[in-house]
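Here is how names work: the chains are called A, B, and so on, in the same order as the sequence lines, proteins then strands, and each is numbered from 1.
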Amino acid sequence: MKELPKIYDPKSVESKIYDMWMKGGWFHAERDPEKTPFTIVIPPPNVTGQLHLGHAFDETIQDVLIRWKRMSGYAALWLPGVDHAGIATQIKVEEELRKQGLTRFDLGREKFLEKVWDWKNRYGNRIVEQLKTLGSSCDWDRQRFTMDDQCAKAVRETFVSLYEKGLIYKGKRIINWCPNCTTALSDAEVEYVEKDGNFWHIRYPLTDGTGYLEVATTRPETLLGDSAVAVNPEDPRYKHLIGKTVTLPLVGREIPIVGDEHADMEFGTGCVKITPCHDPNDFEVGLRHDLPQYLMLDGEGKVTGGYKYDGMDRYEARKVIVKDLEEQGYLLSVEPIKHNVGTCYRCHNDVEPLASDQWFVKMEPLAKEAIRVVEDGEIQFIPDRFSKTYLNWMHSVRDWCISRQLWWGHQIPVWYCDDCGHMTVTREDPCECEKCRSKRIHRDPDVLDTWFSSALWPFSTLGWPEETEDLKYFYPTDVLVTGYDIIFFWVARMIFSGMEHTKQVPFRKVLIHGLIRDPQGKKMSKSAGNGVDPIEVINTYGADALRFNIITGNSPGNDMRFFPERCEAMRNFANKIWNASRFVMMNLTIEDNRLPQKLEPEDKWILGRLNSLIGEVTENLERYELGVAATKLYDFIWDSFCDWYIELTKARLTGDDEEAKENAQRVLLYTLTRILELLHPFMPFITEEIWQALPHEGEALMVAPYPTQQEALAFPEGEEFGQVIEVIKAIRARRAEMNVPANKRPSLTVAAEDTAIFQGSRALLSRLAYTGEITVTDKAPADTQGMVVIATDKARLYMALSELVDLDKERQRLEKELAKAESEKARSENMLKNEKFTSRAPKNVVDAEKDKILRMTALIENLKHSLSNLG
RNA sequence: GGACGGUUAGCUCAGCUGGUAGAGCAUUCGCUUGACGUGCGAAGGGUCAGGGAUUCGAGUUCCUUACCGUCCACCA
């Protein structure tokens, strides 16, 4: 057996192991009619992106599930890919260009797109390589990109068929416009931020000179686009003015006073300026009263429309207009307020609501089915509370604005006829207008929202719209794993798209996790500079440590703070496993992995516990309680296996009895191997590395079978050995308290009712409790003068340590213990006296209390005996 | 305004279907115990935010209050 280093070095292992897995081809999922498929599609990270801890969280969960299912005999497919990320990517490339003093318009669409593809080819693989460092067992042969031909085909099919069904339409609506990204956004892409602002009260004079209306607004510059002032038709202050007109300050336009419910009598002055082109409510008011629309901002947020303010930036225009209003006596007052301002989720600039011609998906009919499948439980959110989040959103969803004024993305497949104006929408690129046959047609320049293609991801990646073998076998997928922050963006849209296009749910479960935050609980972001690079963490502590840190210590759906120090604890855990394995290997002379015929009590103890562990871990995994499963493994490995079992085998391993030696090796090897298998989904690298070095069957741990419970290895009697452990702990505690050095080995008498287990474990007791000669008896020794007496509930222990006993201290301690035992006994007795308890509580609970009384009674007797012994 | 989450040991967090609270880190004491000091042994530390209800029994279920946080809607 080769000599292993004392300290586990993840760096020298991880890439080597990953290469081995790749060469083995085990990431690839074959369609196998003998197996049950288990499919996860990755939430595709942005091509331009770099791995951050959020990805690490998401990928680790998926990898644990997929590795566990793969080992459990499923045809487990984890389908990877990346997203073209329209705005994000285009912005990056434009930034590059800007450094050369160029804009995308200088290059033109075609040249610009070439540049973006170059960019994609250059950086697109970075994130994929980073995923590999985490250990992700994706089927790289099936890797996809949201802009590849197959996805493009799916997008095209989707658009055309929705259009044909009347579920996609073009219309002039108020949309959210980002003047910085110069594109329309969907409602979901707007983030509302509370900001300080002002409420400017402005005088709008009645045209007939009989007075004025006081209008309050947070956005005075938009008065350029006003086409009315609304008052509530019930408002006694103003209703007589309805039908009259006011003269718009600074502009001089004569605009009507209209009566509309939208004006709230309680709010502000009760008079609302109506700017149909720049406010969604005003837009509706405008339609109801047939008001003209005055667009006063262009795509870059500059004033337009033939005013003296034309060309000014919106913020500058606000300042100048306020100043002008004040100078001309129109400004009545300024009231500071806090209000919510919509910002772009990509660039965080203020979003401008404006009326614009855009493409929309009609949501109502699609939402219906999407609501049903979640309400009926065909799709289940885990934790369940997120289904409420989803349903609330879906119930009130508005039409989805899908056109973007960008170049990078799926171009909208609509051709306009220059002659008759007809729109041709087809699956193949047309060369003429389908209505008038004119060749003079041009394509819509806009592209689709990135999420339009992401929405198809679970099936477009498997070949849809083609009825491919993969689609038939692997679809619907099983679990979708993602953060709660993209339920609306992505999960919701995949659900209605899946239902509409494949008539099936795209996935059966949605496993939602929280966000990873910095140690202060703040969101990690590039701009705040508080991001932690997972690659650095992996370099420092190893991928397994990072994975284990992320999986444990947080409950499903909750955010978690990331402390690098916690990785240190997990790195130590990896090291612990490493050294435990090193110990097993050092002592190994056998070459097969079979249990021995003869099992000692401690063997049954560890094997029985292992067997329960297998059951518990599997159950936790089935319930997606990955953190609980991981914690149980941690405890078993460190505590039961390393701190106890390994120590318990040392006597046999170093002894002369060859058979005992071999038996110990066998149980050690068996248990270690099962541990590695159980732990592999969580810590794939170190477990594989060790497994390869141990006697094994099969090529790799990652494709070895996951352990299952074995009736024959349950060993309920193994728990008896727990008594011995209790005794060792009690002796150690006493020794530590009395500062007995380890080389002091007093003789020990164990008095217990059941002597067999202690009789058989004398060598172990002596070794682990550092005692000398041991006597086991069923009654107290005759002469106990000057002995330290220790009581457990199953045994009384007498140690010859008289010279170390401080009688007073010892009496105090015993009295304290006695008082505690008596109060516990009393408590149990009271419970049992309660007739309601005995009649209503389950039998095992009642029995436990009865048993406790017996134990406490024995303990009390033991303690009293000890006290009297002190004299 | 609506919904949701959190409030448990000094810190960060677990605690599944109700049966007298756990981990990691930190702290204290001891240890060259032939796998591991990235370690071993021992110890201290919590009226599980407050109040009420259900129950034989509540950190765990229900109601309520407070504080922190998140999302959605509205805010002319």
State whether [X] and [Y] are salt-bridged, where the test is any N-O pair (Lys NZ or Arg NE/NH1/NH2 against Asp/Glu carboxylate O) under 4.0 Å.
| X | Y | result |
| --- | --- | --- |
| A:Arg561 | A:Asp518 | no |
| A:Lys523 | A:Asp559 | no |
| A:Glu737 | A:Arg734 | yes |
| A:Asp235 | A:Arg237 | yes |
| A:Arg623 | A:Glu619 | yes |

Under 3.5 Å, is there an N or O donor on one side and an acceptor on the other linking the side chain of [X] and the base of [N]?
| X | N | result |
| --- | --- | --- |
| A:Arg561 | B:U12 | no |
| A:Glu647 | B:A35 | yes |
| A:Lys523 | B:U70 | no |

Set of residues satisfying side-chain contact (heavy atoms from CB on, under 4.5 Å) with respect to [X], sequence neighbours excluded:
| X | answer |
| --- | --- |
| A:Thr218 | A:Phe199, A:Ile337, A:His339 |
| A:Glu191 | A:Thr343, A:Tyr345, A:His348 |
| A:Asp384 | A:Ser387 |
| A:Leu391 | A:Ile371, A:Val374, A:Glu375, A:His395 |

Does [N] pair with anything, Watson-Crick or G-U wobble, both distances under 3.5 Å, and if so, with which nucleotide?
| N | answer |
| --- | --- |
| B:G1 | B:C72 |
| B:G37 | none |
| B:U32 | none |
| B:G45 | none |
| B:A66 | B:U7 |
| B:C13 | B:G22 |
| B:G57 | none |

Is [X] touching bases, backbone alone, or none of the nucleic acid, heavy atoms closer than 4.0 Å?
| X | answer |
| --- | --- |
| A:Lys833 | nothing |
| A:Ile487 | nothing |
| A:Arg623 | base |
| A:Arg827 | base |
| A:Ala569 | sugar-phosphate |
| A:Glu619 | nothing |
| A:Pro519 | nothing |
| A:Asp264 | base |

What is the distance, rounded to the nearest whole Å, between atom [atom1] of [X] and atom [atom2] of [N]?
| X | N | atom1 | atom2 | value |
| --- | --- | --- | --- | --- |
| A:Leu515 | B:G6 | CG | P | 16 Å |
| A:Asn549 | B:A14 | CG | P | 13 Å |
| A:Asn830 | B:U20 | CG | C1' | 13 Å |

Sequence neighbours left out, what passes ring-ring contact (aromatic ring centres under 6.0 Å, His included) with A:Phe548? Give chain and number order.
A:Phe573
Are there any protein N/O atoms within less than 3.5 Å of an N/O atom in nucleotides 32-34 of chain B, and if so, which ones and at what distance?
none

Looking at [X], does any N or O in its side chain come under 4.0 Å of the phosphate oxygens OP1/OP2 on [N]?
| X | N | result |
| --- | --- | --- |
| A:Lys6 | B:C36 | yes |
| A:Thr389 | B:C71 | no |
| A:Lys576 | B:C40 | yes |

Which nucleotide wins on minimum distance to the side chain of [X], given the candidates [options]?
| X | options | answer |
| --- | --- | --- |
| A:Asn558 | B:A14, B:C4, B:C16 | B:A14 |
| A:Asn620 | B:U12, B:C16, B:G15 | B:C16 |
| A:Asn392 | B:C29, B:C4, B:A3 | B:A3 |
| A:Lys852 | B:U20, B:A14, B:G41 | B:U20 |
| A:Ala580 | B:G15, B:A35, B:U38 | B:A35 |
| A:Ala733 | B:G15, B:A43, B:C4 | B:A43 |
| A:Asn575 | B:U70, B:A35, B:U38 | B:U38 |

Please produce a list of atom pairs where a protein N or O lies less than 3.5 Å from an N or O of nucleotides 72-75 of chain B.
unit_1	atom_1	unit_2	atom_2	d
B:C74	N4	A:Asn340	ND2	2.3
B:C75	OP1	A:Asn281	ND2	2.4
B:C75	N4	A:Asn340	ND2	3.0

Could you pull out all donor-acceptor pairs under 3.5 Å where a side-chain atom in residues 635-645 of chain A meets a protein atom, sequence neighbours excluded?
unit_1	atom_1	unit_2	atom_2	d
A:Tyr645	OH	A:Asp603	OD1	2.5

Give me the distance, rounded to whole Å, that separates B:G39 from B:U33 when you measure between the P atoms they each carry.
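About 16 Å, rounded to a whole number of Å.
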Hey, which of these two, A:Glu568 or A:Phe386, hits RNA chain B nearer its 5' end, going by closest nucleotide?
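Mapping each residue to its closest nucleotide by heavy atoms, the 5'-most match is A:Phe386.
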Report the residue (A:Asn572 or A:Ala263) whose heavy-atom-nearest nucleotide on RNA chain B is the more 5′ of the two.
A:Asn572
By side-chain hydrogen bond (donor to acceptor under 3.5 Å, both in side chains) - contacts of A:Glu335 (at least two apart)
A:His201
Which of residues 624-640 of chain A sit near RNA chain B, with a heavy atom under 4.0 Å from it?
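Those residues are A:Glu625, A:Tyr634, A:Trp638.
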Atom OH of A:Tyr212: over 12 foreign heavy atoms under 6.0 Å
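12 or below, so no.
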Which pairs pass salt bridge (Lys or Arg N to Asp or Glu O under 4.0 Å) with one or both residues in residues 262-279 of chain A, sequence neighbours excluded?
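Passing the test, one end in residues 262-279 of chain A: A:Asp226-A:Lys273.
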Applying salt bridge (Lys or Arg N to Asp or Glu O under 4.0 Å) as the test, list every pair that has at least one member in residues 212-225 of chain A; sequence neighbours left out.
A:Arg219-A:Glu221, A:Arg219-A:Glu352, A:Glu221-A:Arg318
